[in-house]
Amino acid sequence: MDKNMEAVAPEEKKSLNFIEQKIEADLAEGKNGGKVQTRFPPEPNGYLHIGHAKAIALDFGMAEKYGGVCNLRMDDTNPQKEDMEYVNAIKRDIEWLGFKWGNILYASDYFQQLWDLAVELIKRGKAYVDEQTAEEIAAQKGTPTQPGQNSPYRDRPVEESLKLFNEMNSGKMEPGKMVLRAKIDMASDNMHFRDPIMYRVMNMPHWRTGNTWNAYPMYDYTHGQCDYWEGVTHSLCTLEFVSHRPLYDLFVDWAKEVAGDDKPMDDNRPRQTEFNKLNLTHILLSKRNLLMLVNEGVVNGWDDPRMPTISAFRRRGYSPEGIKAFIDKIGYTKFDALNQMSLFESAVRDDLNKRAQRVSAVLNPVKLVITNFPEDAVETYTAINNPENEADGTHEIEFSRELWIERDDFMEDAPKKFFRLGPGKEVRLKNSYIVRCPEENCCKKDADGNIVEIYAELIPETKTGEANCNMKIKGKTIHWVSCKHCVEAEVRNYDRLWMVENPRDEVSNYSKEQGKNRIDIEDMRKFINPESLEIKKAYVEKWCTTKKPLDYLQFQRIGYYTPDYDSTPEHLIFNKTVGLKDNWKK
RNA sequence: GGAAGUAUGGUGUAAUGGUAGCACAACAGAUUUUGGUUCUGUUUGUCGUGGUUCGAAUCCACGUACUUCUACCA
């Protein structure tokens, strides 16, 4: 009678990560009215990459899990770097990953509010206009181990600051001439508290607000207040912002005070929580360095399948589900981890195995002649599209006397554990006959000794359902395409772009050794794999011409592939997503 | 010389004072008309030294190592 109880699988308990624990604790305490709201705040100055995907999965994931919204908020406080083009790319990438935002907002929506708050802070003696140069301010700032010094302008009259602040935005003030700073503590251990800059003069139109503003707010002065005004409860960001948190909290406190928010200081406010950035072996995520790869033509654009951008991953044939499964596996902690590419690939393969339709493609062809099959005969077989998913159906393939098989599937002098073709050896041709090579004269060679043709005889009645179909042989099953019925295709095989495990550190260390203070393209070339792209001609079965870009395919026994954007039925192009796991060693 | 954060097998991550578990990787075997998938098994770990406790990966102290912080970037 206990058997029934055992049969019920226990609900798999997944432990909560530290952020989920914190959210649940906040919820239990009734903070922010028991609500969860998040935001994903990209700066629209470049393409999203796999590191952003980790943040996206958390920001949107937490809102979804706890019944709140996640807004998409463009962090557009620096008109010098940002552009509309990126906004669209960012939206497309998030949608492709399968997330939905509540509203699309912009930091620039808050420019007026931020300005008004700044004016009020000046009036309250919490901010002042500093007329020193950037160099002077930097020199005064001190170092982490030495306190800074107060600016001579720190205690200037409120009216003076107010007047100058207005001039900063007039369009007539020379950029760099003056800045608005918060009056906090020049001796603080936290460098961000040493009178941080709130506003700088740029005299530059903003792609959204036009010529309305000439002075623009800084990130630190912007982020917390936007979160607060928007109703964000949990502001999730990466670990390098830990030391910004006290400043984030301070500006939120000030905004609450000025707003006359009578809720207690520790309630009705956003809380910043930091998690570890994604870091993967053999990839590099620095935006500046990726830009260099594009500009120097090391790769063919931001969505070159060797790039770590979301758009490149899409083009390469990784699935959103596979990417998300990987992110789920690595988790969110406070440890500066370096994740292995093998974990990513295993997550992707696991997903693709369920989705990809199986086709035959021969990448390194050599001709196999079935000597006892008539010249002009053709047989048609039914091939299963995906053994992992019966609903995917079947398609037809054709067989004839001359076939292309992989060069690797034949060896004259084979090691003991080689279970493919060779003198006197038998293999199963996938979906077709078992064939046997003769002991003697099993292949023809050219003058240089290269094999140009292999000969084999089919063994009758060995096809599916026939009398000898269950015949046991030592050989494996190999794939093939019929010479007369296949089509030619361009195949782009990608290998890792970086030859070292941790290009982030290796490139930067090398650059320093060269006495440079900035990484340049030559530093990077030192570690770039010169053979990261291999373009080759291949023979694929005809059914492949029906496949659309980004369809998930498996070239049987080789790997996962997807048609490129530029692929057409007349000129097929396939990108390699990832190889199949290969357990065969010599 | 300061401050903040972090430390669990090769890698990543659980265990929230009470049996150190999971995944990837590696290795071995079974199944297989993909050397894929699936299944089974094996190997490998709490940074160090003290302390508190019946009991410590977990709490405390002191070390050590790594990360971050000195942009008019975000």
Side-chain angles (χ1 to χ4, degrees), chain A residues 13-18 21 41-43 45 75-78 80-82 107 130 133-134 137-139 141-148 175-181 188-192 194 196-202 215-216 218-220 222-223 237-246 274 276-277 281 287 326 329-347 349-350 353-354 358 360 384 387-388 417-420 427-432 434 462-464 469-470 473 476-479 501 554-560 579-585:
Chain A
K13 249 194 191 162
K14 219 192 154 227
S15 48
L16 302 178
N17 67 42
F18 78 104
Q21 289 179 31
E43 184 184 15
N45 71 341
D75 223 336
D76 58 347
T77 57
N78 187 349
Q80 199 165 42
K81 293 162 65 181
E82 297 143 9
D130 194 336
T133 63
I137 290 174
K141 194 157 192 173
T143 67
T145 54
Q146 284 175 314
K177 202 86 176 151
M178 52 186 72
V179 290
L180 183 71
R181 298 177 76 181
S188 174
D189 284 328
N190 185 337
M191 298 298 286
H192 299 286
R194 323 254 260 225
I197 290 166
M198 296 162 63
Y199 271 86
R200 77 286 212 191
V201 178
M202 295 189 95
Y216 291 91
M218 302 283 290
Y219 165 86
D220 277 315
T222 305
H223 208 91
C237 63
T238 46
L239 244 20
E240 69 267 30
F241 288 97
V242 167
S243 60
H244 294 244
R245 192 192 333 145
E274 311 84 8
N276 61 344
K277 231 183 191 137
T281 58
K287 218 180 258 183
F326 163 70
K329 278 173 202 249
I330 61 175
Y332 297 88
T333 70
K334 294 164 99 83
F335 177 67
D336 186 34
L338 177 60
N339 295 285
Q340 291 180 330
M341 201 61 186
S342 58
L343 181 62
F344 176 81
E345 292 183 339
S346 108
R349 281 195 198 103
D350 188 48
N353 181 44
K354 290 176 263 172
R358 273 58 170 177
S360 290
I384 293 167
E388 306 293 317
K417 296 226 166 176
F418 183 82
F419 299 125
R420 283 118 95 162
V427 294
R428 154 81 63 187
L429 295 176
K430 177 80 183 171
N431 294 313
S432 181
I434 290 172
T462 51
K463 284 187 293 181
T464 311
C469 74
N470 290 325
I473 55 168
K476 295 279 173 183
T477 299
I478 67 169
H479 65 279
E501 242 203 359
Q554 185 197 96
F555 288 178
Q556 294 180 105
R557 300 210 301 137
I558 300 175
Y560 295 98
L580 251 33
K581 204 198 283 180
D582 185 4
N583 281 330
W584 186 71
K585 279 146 219 143

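Numbers restart at 1 for each chain; the letters A, B, ... are given by sequence-line order, proteins then strands. The basis for the numbers below is simple: all heavy atoms, side chains too, and nothing from hydrogens, waters or symmetry mates. Given the structure is predicted, the values throughout are model-derived calculations rather than measurements.
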Problem - Ser15(A) side chain, from C-beta outward: closest of rA23(B), rU34(B), rA14(B) - result: rA14(B)
Practice task
Identify, between Thr464(A) and Asp76(A), the residue whose nearest nucleotide on RNA chain B lies closer to the 5' end.
Solution key: Thr464(A)
Handout entry: Span that lies between the C1' atom of rU68(B) and that of rG45(B), in whole angstrom
Key = 27 Å
Handout entry: Side chain Glu388(A) and base rG36(B) donor-acceptor under 3.5 Å
Key = yes
Handout entry: Test item: side-chain donor near acceptor, Thr281(A) and Glu501(A), under 3.5 Å
Key = no
Practice task
Using the C1' atoms only, state how far rG2(B) lies from rG12(B), rounded to an integer number of Å.
Solution key: 33 Å
Practice task
Would you classify Thr133(A) as touching base, sugar-phosphate or nothing, given that sugar-phosphate means primed atoms plus P, OP1 and OP2, and contacts are heavy atoms under 4.0 Å?
Solution key: base
Exercise for the section: Please check the phosphate of rU68(B) (OP1 and OP2 only) for any side-chain N or O of Ser243(A) closer than 4.0 Å. Expected result: no
Handout entry: Nearest-Å distance once atom C1' is located in both rG17(B) and rG9(B)
Key = 24 Å
Problem - Length of the CH2-C1' vector between Trp584(A) and rC27(B), whole Å - result: 19 Å
Practice task
For the residue pair Ile478(A) and Leu429(A), establish whether any side-chain heavy-atom pair is separated by less than 4.5 Å.
Solution key: yes
Exercise for the section: Look at Arg557(A) and rG35(B) and indicate whether a side-chain polar atom (N or O) is within less than 4.0 Å of OP1 or OP2. Expected result: yes
Fill in the blank from the handout: Closest of rU34(B), rU67(B), rC69(B) to the His192(A) side chain is rC69(B)
Practice task
Under a 3.5 Å limit for both distances, which nucleotide forms a Watson-Crick or G-U wobble pair with rU6(B), could you say?
Solution key: rA65(B)
Practice task
With the side chain of Ala134(A) defined as its heavy atoms from C-beta on, choose the nearest nucleotide among rU34(B), rC72(B), rU8(B).
Solution key: rC72(B)
Completion exercise
Taken to the nearest whole Å, NE2/His244(A) to C1'/rA71(B) is 10 Å
Exercise for the section: Measure the distance from CD on Glu274(A) to P on rU67(B) and round it to the nearest whole Å. Expected result: 19 Å
Exercise for the section: Go through the steps to decide whether Leu343(A) and Phe326(A) satisfy the test side chain to side chain contact (heavy atoms under 4.5 Å, CB included), and finish with yes or no. Expected result: CA-CA 7 Å; Leu343(A) 181 62; Phe326(A) 163 70; 4.2 Å; yes
Problem - Met191(A) side-chain proximity, nearest of rC69(B), rG35(B), rG12(B) - result: rC69(B)
Handout entry: Nucleotide opposite rA23(B) in a Watson-Crick or G-U pair, distances under 3.5 Å
Key = rU11(B)
Exercise for the section: Tell me which nucleotide among rA15(B), rU70(B), rC72(B) gets nearest to the side chain of Met218(A). Expected result: rC72(B)
Exercise for the section: Using the P atom on both, measure rU43(B) against rA23(B) and round to a whole Å. Expected result: 15 Å
Practice task
Return the nearest nucleotide to the side chain of Glu43(A); candidates are rA25(B), rG35(B), rC73(B).
Solution key: rC73(B)
Fill in the blank from the handout: Closest of rU34(B), rG12(B), rA74(B) to the Lys430(A) side chain is rU34(B)
Exercise for the section: Without swapping roles, check the side chain of Arg349(A) against the backbone of Gly579(A) for a donor-acceptor pair under 3.5 Å. Expected result: yes
Practice task
Using both distances under 3.5 Å as the test, list the Watson-Crick or G-U wobble partner of rA57(B), or none.
Solution key: none
Handout entry: Candidate nucleotides rA71(B), rA74(B), rA23(B), ranked by approach to the side chain of Ala138(A) - the nearest
Key = rA71(B)
Handout entry: Integer angstrom distance from the C1' of rA20(B) to that of rC27(B)
Key = 23 Å
Completion exercise
Per atom distances to the Asn339(A) side chain, the nearest of rC24(B), rG12(B), rA74(B) is rG12(B)
Exercise for the section: Would you check if Trp584(A) and Lys476(A) make a side-chain contact, meaning some heavy-atom pair closer than 4.5 Å? Expected result: no
Handout entry: Residue mapping more 5' on RNA chain B - nearest nucleotide basis, Phe18(A) or Arg428(A)
Key = Phe18(A)
Exercise for the section: Assess whether one donor atom and one acceptor atom, taken from the side chain of Gln146(A) and the base of rU70(B), lie less than 3.5 Å apart. Expected result: no
Exercise for the section: Ignoring hydrogens and angles, state whether a donor on the side chain of Thr333(A) or Asn276(A) is under 3.5 Å from an acceptor on the partner side chain. Expected result: yes
Practice task
Verify the contact: side-chain N or O of Arg200(A) to OP1 or OP2 of rA74(B), cut-off strictly under 4.0 Å; return yes or no.
Solution key: yes
Practice task
Would you mind reading off the distance between Leu338(A) atom CG and rU67(B) atom C1', rounded to a whole angstrom?
Solution key: 13 Å
Fill in the blank from the handout: Taken to the nearest whole Å, NZ/Lys141(A) to P/rA3(B) is 19 Å
Exercise for the section: For rA15(B) versus rA71(B), give the span between their P atoms, rounded off to a whole number of Å. Expected result: 38 Å
Practice task
Would you please test Leu580(A) and Gln554(A) for side chain to side chain contact (heavy atoms under 4.5 Å, CB included) and show each step?
Solution key: CA-CA 9 Å; Leu580(A) 251 33; Gln554(A) 185 197 96; 3.8 Å; yes
Exercise for the section: Please measure how far the P atom in rA3(B) lies from the corresponding atom in rG10(B), and state the result in whole Å. Expected result: 33 Å
Fill in the blank from the handout: The side chain to side chain contact (heavy atoms under 4.5 Å, CB included) partner of Val179(A) among Val201(A), Ile137(A), Thr133(A) is Ile137(A)
Exercise for the section: Using the C1' atom on both, measure rC69(B) against rA61(B) and round to a whole Å. Expected result: 26 Å
Problem - Below 4.0 Å: OP1/OP2 of rU37(B) and any side-chain N or O of Lys581(A) - result: yes
Exercise for the section: Using a heavy-atom cut-off of under 4.0 Å over every strand shown, decide if Gly331(A) touches base, sugar-phosphate, or nothing. Expected result: nothing
Handout entry: Short side-chain N/O contact from Asn276(A) to OP1 or OP2 of rU6(B), under 4.0 Å
Key = no
Handout entry: Shortest side-chain distance from Thr145(A), nucleotide among rG36(B), rG1(B), rG12(B)
Key = rG1(B)
